[in-house]
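Everything below concerns the one structure shown next.
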Amino acid sequence: MQYRKIISFLVVSMCVLMPLAVFAESTAAGDVSADTAEIANSVSASPDAEEKTSFSLEESVNTALQNNVSLKISRQEYEKAKVEREEAKYESKQMEEIRDDKILRDYVPQAFSFEGAQVKDLSPRLKEANELIAKKSLALDEQNLRIEVEKAYFNVLKAQDNLKNAEIQLQRANEQLKNAQVSYKHGVVAKDSVLMAESAVAGAEASRVSAENNLKLAKMNLNKIMGRSLTAPLELTTSFTYTPEELPDVEEMVKSALALRPEVISVREMKEVAELNCRLALKYYAENTFTYRKAKIDLEKAVLGVKEAEDQVSLAVRSAHYAVIEAAEKLKSAEKAKETAQEVYRTTELKYKSQVATMADVLSAMENLRQAELAYTSAVFDYNVARAQLDNWAGKGLE
């Protein structure tokens with residue numbers, strides 16, 4: 001009777017599987033071709049991303065999240081992890097049925113071994129952990145892409161400010177050239193003052209062209225990250241934050257990071273898997289056996305891994321917090337330096353008109369003002385990027 005039940009089970013299995021195999025072989029080529037075409041279409045950027053011309057920061061981030069190919073690969077890894085978890089649950093159920101079956105259990109003694117217990121109890125938990133890790137890795141990839149987009153977006157804003165400053169500098173240079181020409185015509189200054197002013201105009205024009213090109217490149221880079229054509233029209237609707245904001249308590253940000261960051265969640269999951277494996281090993285082996293000793297070492301490594309990950313994330317949050325404070329102080333300093341340079345240029349220009357200062361003094365003050373304006377714009381950029389990185393490390397968007 002036992003043999004007959006087993007043979008019947010095998011015959012039924014063969015009868016079911018053989019037609020399915022033939023059918024699969026006959027249709028595989030067509031199905032794969034259709035799937036490949038569907039996947040190829042999914043890689044292409046959405047038409048809306050090309051037609052739209054103005055983007056807020058959040059719209060730029062969402063467009064990148066939708067079109068980024070690397071992110072699509074991460075999503076497929078997550079989907080695969082979900083399938084593998086289902087597979088592990090199915091195999092676990094099969095192993096449980098074998099254990100419960102009064103006939104099959106005698107022919108599959110491995111079902112009651114340590115390896116069988118791993119299939120029944122450990123593998124589903126491991127695949128569950130892998131699924132969560134894949135999900136958190138996807139979230140981390142999304143966070144990293146968000147930071148990349150924010151940096152590129154802020155870089156465009158910085159390039160726009162620099163172009164605006166370059167155009168203003170060119171206006172100043174032209175005004176000083178006119179002043180020098182008038183003064184020379186009336187015999188107040190020598191020819192060299194006009195020549196210096198002309199050189200300043202040429203330099204300001206070169207700076208304007210450079211700033212214009214830098215803006216074009218910055219827009220191309222942002223378009224690329226968003227999955228758009230490099231030269232697609234692009235206008236930004238979000239402005240820089242020019243005034244530093246009050247920061248949340250760093251301890252609260254560390255607490256949030258330890259609860260939300262994928263790096264910490266992943267190692268905690270693997271620690272739980274290692275704990276389960278250690279408990280299973282102890283059910284089947286003595287503490288002095290190789291199998292249990294190796295399982296215990298894996299658990300110790302996992303515990304240390306959690307401590308290391310938590311320390312790294314905590315350090316990263318605190319470091320990012322300090323970076324924002326430093327960037328805020330530099331922004332205030334740069335703003336003061338720009339105001340000072342503006343006043344020095346104003347008074348030097350008045351002195352020149354009163355014949356107390358030379359054209360060289362005016363041009364020197366004008367150049368110092370240009371440098372101060374560039375430094376201020378860079379400080380604004382650095383502050384905005386530092387704040388975005390702090391929010392990222394604290395787990396913003398991972399809730």
Side-chain angles (χ1 to χ4, degrees), residues 56-58 60-61 64 136 139-162 164-165 214 218 221-222 225 236-265 267 306-344 368-399:
S56 66
L57 176 57
E58 195 60 31
S60 296
V61 169
K136 294 301 179 180
L140 182 60
D141 290 341
E142 291 175 346
Q143 283 291 85
N144 291 337
L145 181 60
R146 176 182 289 272
I147 284 294
E148 188 178 358
V149 173
E150 288 181 345
K151 284 183 179 179
Y153 196 98
F154 292 145
N155 200 43
V156 174
L157 294 176
K158 175 183 176 182
Q160 288 178 341
D161 278 6
N162 285 340
K164 181 180 178 180
N165 290 335
N214 286 338
N221 183 52
L222 180 54
I225 297 173
L236 308 188
T237 59
T238 301
S239 301
F240 265 137
T241 296
Y242 290 89
T243 304
E245 302 172 352
E246 185 176 351
L247 295 178
D249 179 65
V250 67
E251 298 302 330
E252 288 299 319
M253 301 187 88
V254 168
K255 182 179 179 181
S256 173
L258 293 178
L260 298 173
R261 289 294 300 186
E263 301 94 329
V264 178
I265 293 175
V267 292
V306 171
K307 176 67 167 58
E308 178 68 11
E310 289 177 346
D311 287 346
Q312 287 180 345
V313 168
S314 177
L315 178 60
V317 174
R318 297 177 192 278
S319 177
H321 192 267
Y322 289 142
V324 174
I325 295 174
E326 182 180 350
E329 290 302 317
K330 288 183 177 179
L331 176 54
K332 293 177 183 177
S333 176
E335 184 177 19
K336 185 64 178 177
K338 186 179 77 165
E339 292 173 355
T340 301
Q342 288 172 336
E343 181 61 18
V344 169
N368 289 337
L369 175 55
R370 185 180 77 88
Q371 294 296 334
E373 289 171 338
L374 290 174
Y376 175 70
T377 300
S378 293
V380 172
F381 170 80
D382 291 341
Y383 172 77
N384 279 268
V385 170
R387 184 58 201 266
Q389 289 177 327
L390 174 59
D391 290 340
N392 176 53
W393 274 113
K396 183 179 179 181
L398 293 173
E399 296 87 352

Between Arg261 and Glu310, is there a donor-acceptor pair closer than 3.5 Å when you use the side chain of the first and the backbone of the second?
-> no

[X] versus [Y]: any side-chain heavy-atom pair under 4.5 Å?
X	Y	result
Glu263	Leu140	yes
Glu329	Tyr383	no
Leu145	Ile225	yes
Val380	Asp161	no
Thr377	Asn165	yes
Pro244	Leu331	yes
Gln312	Leu315	no
Leu222	Val149	yes

Atom pair [atom1] ([X]) and [atom2] ([Y]), whose distance is rounded to the nearest 0.5 Å:
X	Y	atom1	atom2	result
Leu236	Gln160	CG	CD	5.0 Å
Leu247	Glu252	CG	CD	14.0 Å
Asp249	Lys255	CG	NZ	10.5 Å
Glu150	Asp391	CD	CG	8.0 Å
Ile265	Lys136	CD1	NZ	4.0 Å

Can you check side chain to side chain contact (heavy atoms under 4.5 Å, CB included) on Glu251 and His321, steps first, answer last?
-> CA-CA 10 Å; Glu251 298 302 330; His321 192 267; over 6 Å; no

Can you name the closest pair of heavy atoms from [X] and [Y] and give their distance?
X	Y	answer
Gln143	Gly397	OE1-CA, 4.3 Å
Phe240	Phe154	CZ-O, 3.2 Å
Lys151	Phe381	O-CE1, 3.8 Å
Val317	Trp393	CG2-O, 3.7 Å
Thr237	Tyr153	N-OH, 3.2 Å
Ser256	Ala394	OG-O, 2.8 Å

Does a sphere of radius 6.0 Å around OH in Tyr242 hold more than 12 heavy atoms from other residues, nucleotides or ligands, not counting ones at 6.0 Å or beyond?
->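 Yes, enclosed.
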
Identify whether the distance between the nearest side-chain nitrogen and carboxylate oxygen of [X] and [Y] falls below 4.0 Å.
X	Y	result
Glu326	Lys330	yes
Arg146	Glu58	yes
Lys164	Glu373	no

Side chain to side chain contact (heavy atoms under 4.5 Å, CB included) evaluation trace for Asn214 with Asn162 | CA-CA 9 Å; Asn214 286 338; Asn162 285 340; over 6 Å; no

